[in-house]
Amino acid sequence: MQQQASVTFTPGNSGTNTVFVDETQTYQQVEGFGASFTDSAAYLLNEVTTPAARTNAMNNLFTRNGTGIGVSFIRNPMGASDLTRYDYTYDDLSPGLTDTNLTLFSIAHDQVDIIPLIQQALSLNPQLKIMASPWSPPGWMKTNDATIGGALLPGMYIPFANYFIKYIQAYQAAGIPIHYISLQNEPLYVPGDYPGMSMNAATQLVVLRDYLLPALTANHLMTKVLVYDHNWDRPDYSTTVFADATVLASAQVAGMAWHGYGGTPGVMLSLAGPPFSRPTHRPCLTFGPIAIWVQFLLVFTA
């Protein structure tokens, strides 16, 4: 991939489908384009490739030098995802045990491959923005005591919020800022063969408003939250969360995260006006292959 020449729009005839482009209508500035350092991608790049190949790949990804594409945004899983070598979280225990104070919390797994690569990426592009999302918290926080399936136990809302705090602080200690988080990747889909967790809109509202936002404030963390983090076909999820006055007024809630695997992208425009469109909210964000109005665009790789 390389930068192409600028395009000037002019009237013309090209088939029966008409595309209208209004160059005078602007929305929010695009913050970045990128991908993810999943467990598998980081392992391959950091341990399997040669040092020379890794250096070349990182330069091509994160700089604009030569053939560099200038990746400017990454969304990393907090723990295992569907693109990992094995299941893990940052506080795994044997079935039946709990660690509600997160005494055993550790990002040791990430320190092997993921963190060194992010540090290198930041050195190549200091403007890089980073988002983190869990596919599943530790199993002991969930109804089925496992990373695959289940839902968050009501009695674990405090440890769940503090799990984010520990993660953000640990990454900060490694020199890596976490600019955005979402509470749950694809909260309305519970996979049967890789980590995931069900989280309906009512639960996300309570956890966000009553636990996560206060925890971020108490720990003086400026990381911003994106709600939902799933497909275009359920805009009601975001409207339910933003119907709460506290969430809507919070400058630390930056907007909504969208995936492009279901529904149509035009639904984002229905949530682009009042009450969502205020300076601290960026309501149309997406993760997937296409978007009509985005803050940043990510495509996941293995």
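Each residue takes its place number in the sequence, starting with 1. The analysis underlying the following values was restricted to heavy atoms, covering all of them including side chains, and did not include hydrogens, waters or symmetry mates.
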Colleague: If you define the side chain from C-beta out and look only at heavy atoms, does anything of Leu208 sit under 4.5 Å from Val225?
Modeller: yes

Colleague: Might you point out which heavy atoms bring Ala215 and Asn162 nearest each other, and give the distance in Å?
Modeller: CB-OD1, 4.3 Å

Colleague: What do the steps show when you test Thr223 against Tyr180 for side chain to side chain contact (heavy atoms under 4.5 Å, CB included), and what is the final call?
Modeller: CA-CA 5 Å; Thr223 301; Tyr180 297 95; 5.6 Å; no

Colleague: Determine, stepwise, if the pair Gln169 / Phe164 fulfils side chain to side chain contact (heavy atoms under 4.5 Å, CB included).
Modeller: CA-CA 8 Å; Gln169 291 174 333; Phe164 285 89; over 6 Å; no

Colleague: For Asp91 and Pro138, work out which heavy atoms get closest and say how close.
Modeller: O-CB, 3.5 Å

Colleague: Is it true that Trp140 and Leu104 fall in one hydrophobic cluster, defined by side-chain heavy atoms closer than 4.5 Å?
Modeller: yes

Colleague: Quick check on side-chain contact (heavy atoms from CB on, under 4.5 Å): which of Leu61, Ile130, Leu122 does Ile74 satisfy it with?
Modeller: Ile130

Colleague: For Gly149 and Val190, work out which heavy atoms get closest and say how close.
Modeller: CA-CG1, 3.4 Å

Colleague: With ring centroids as reference points, do Tyr163 and Tyr167 lie under 6.0 angstrom apart?
Modeller: no

Colleague: Test your reading of the model: is there a side-chain donor-acceptor pair from Ser198 to the backbone of Gly150, 3.5 Å cut-off?
Modeller: no

Colleague: Using 0.5 Å steps for rounding, measure from the CG atom of Asn219 to the CD1 atom of Ile168.
Modeller: 9.0 Å

Colleague: Is the closest side-chain donor-acceptor distance between Asn200 and Tyr237 under 3.5 Å?
Modeller: no

Colleague: Any side-chain heavy-atom pair from Ile148 and Tyr194 closer than 4.5 angstrom?
Modeller: no

Colleague: Let me confirm one number: the CG-CZ distance from Leu128 to Phe73, rounded to the nearest 0.5 Å.
Modeller: 8.5 Å

Colleague: So, taking the atom named CE in Met58 and the one named CG in Leu124, what distance separates them when rounded to the nearest 0.5 Å?
Modeller: 6.0 Å

Colleague: Going by the angle between their ring planes, with limits at 30° and 60°, are Tyr90 and Phe105 parallel, tilted or perpendicular?
Modeller: tilted

Colleague: Begin with the C-alpha distance, continue with both residues' side-chain angles, and end with the deciding distance and a verdict on side chain to side chain contact (heavy atoms under 4.5 Å, CB included) for Asn76 and Ile118.
Modeller: CA-CA 10 Å; Asn76 276 4; Ile118 299 176; 3.1 Å; yes

Colleague: Is it the case that Asp92 and Thr89 place a side-chain donor and acceptor less than 3.5 Å from each other?
Modeller: yes

Colleague: With a 3.5 Å distance limit and no angle check, can you tell me whether Ser250 reaches the backbone of Thr246 through a side-chain donor-acceptor pair?
Modeller: no

Colleague: What's the shortest heavy-atom distance between Trp135 and Pro195, and which atoms?
Modeller: CD1-O, 3.5 Å

Colleague: Do the non-hydrogen side-chain atoms of Met199 and Leu152 ever get within less than 4.5 Å of each other?
Modeller: yes

Colleague: Looking only at non-hydrogen atoms, find the nearest pair between Asp244 and Leu205 and report the distance.
Modeller: CB-CD1, 3.4 Å

Colleague: Hey, could you give me the CG/CG distance between Asn185 and Asp82, rounded to the nearest 0.5 Å?
Modeller: 7.5 Å

Colleague: So, do His259 and Glu186 sit near enough that their side-chain heavy atoms are less than 4.5 Å apart?
Modeller: yes

Colleague: Return the minimal non-hydrogen interatomic distance between Ile114 and Ala42, and the atom names on each side.
Modeller: CG1-CB, 3.6 Å

Colleague: May I ask you to decide if the ring planes of Tyr228 and His230 are parallel, tilted or perpendicular, using 30° and 60° as cut-offs?
Modeller: tilted

Colleague: How many angstroms lie between atom OH of Tyr171 and atom NZ of Lys166, to the nearest 0.5 angstrom?
Modeller: 16.0 Å

Colleague: Per the side-chain contact (heavy atoms from CB on, under 4.5 Å) rule, which among Leu226, Val227, Val267 passes with Ser238?
Modeller: Val227

Colleague: Going by atom types only, do Lys142 and Ser136 share a side-chain donor-acceptor pair under 3.5 Å?
Modeller: yes

Colleague: Is there side-chain contact between Thr84 and Ser40, with heavy atoms separated by less than 4.5 Å?
Modeller: no

Colleague: Check for me, please, whether Tyr157 and Leu212 land in the same ILVMFWY cluster - side-chain distances under 4.5 Å, paths through other members count.
Modeller: yes

Colleague: Applying the 4.5 Å side-chain criterion to the ILVMFWY set and letting contacts propagate, would Tyr88 and Val112 be lumped into a single cluster?
Modeller: no

Colleague: How about Asp39 and Tyr86: does a side-chain donor come under 3.5 Å of a side-chain acceptor?
Modeller: no

Colleague: Check whether any side-chain N or O of Asn125 sits under 3.5 Å from a backbone N or O of Gln127 as a donor-acceptor pair, and report yes or no.
Modeller: yes

Colleague: The test is ring pair (Phe, Tyr, Trp, His ring centres under 6.0 Å); show your working for Phe62 and Phe37 and say whether it passes.
Modeller: CA-CA 13 Å; Phe62 293 100; Phe37 281 120; 5.8 Å; yes

Colleague: Ignoring hydrogens and geometry beyond distance, is a side-chain donor-acceptor pair present between Ser182 and Ser133 at under 3.5 Å?
Modeller: yes

Colleague: Would you kindly confirm whether Met156 and Leu97 end up in one hydrophobic cluster when ILVMFWY residues are joined by side chain heavy atoms under 4.5 Å apart?
Modeller: yes

Colleague: Apply side chain to side chain contact (heavy atoms under 4.5 Å, CB included) to the pair Leu44 and Thr49, showing each step before the final yes or no.
Modeller: CA-CA 6 Å; Leu44 291 172; Thr49 60; 5.5 Å; no

Colleague: Sub-3.5 Å donor-acceptor pair from the side chain of Asp229 to the main-chain atoms of Leu183, do we have one?
Modeller: no

Colleague: Can you confirm whether Gln252 sits close enough to Leu213 that some side-chain heavy atom of one is under 4.5 Å from a side-chain heavy atom of the other?
Modeller: yes

Colleague: Got a second to check how far Met78's CE is from Met131's CE, nearest 0.5 Å?
Modeller: 10.5 Å

Colleague: With hydrophobic residues grouped by side-chain heavy-atom distances under 4.5 Å, do Leu93 and Leu102 end up in a single group?
Modeller: yes

Colleague: Answer whether the closest heavy-atom distance between the side chains of Ile115 and Ile176 falls below 4.5 Å.
Modeller: yes

Colleague: If only side-chain N and O atoms count, and only distance matters, is there a donor-acceptor pair under 3.5 Å linking Thr103 with Asn101?
Modeller: no

Colleague: Is the shortest side-chain heavy-atom distance between Lys224 and Val253 below 4.5 Å?
Modeller: no

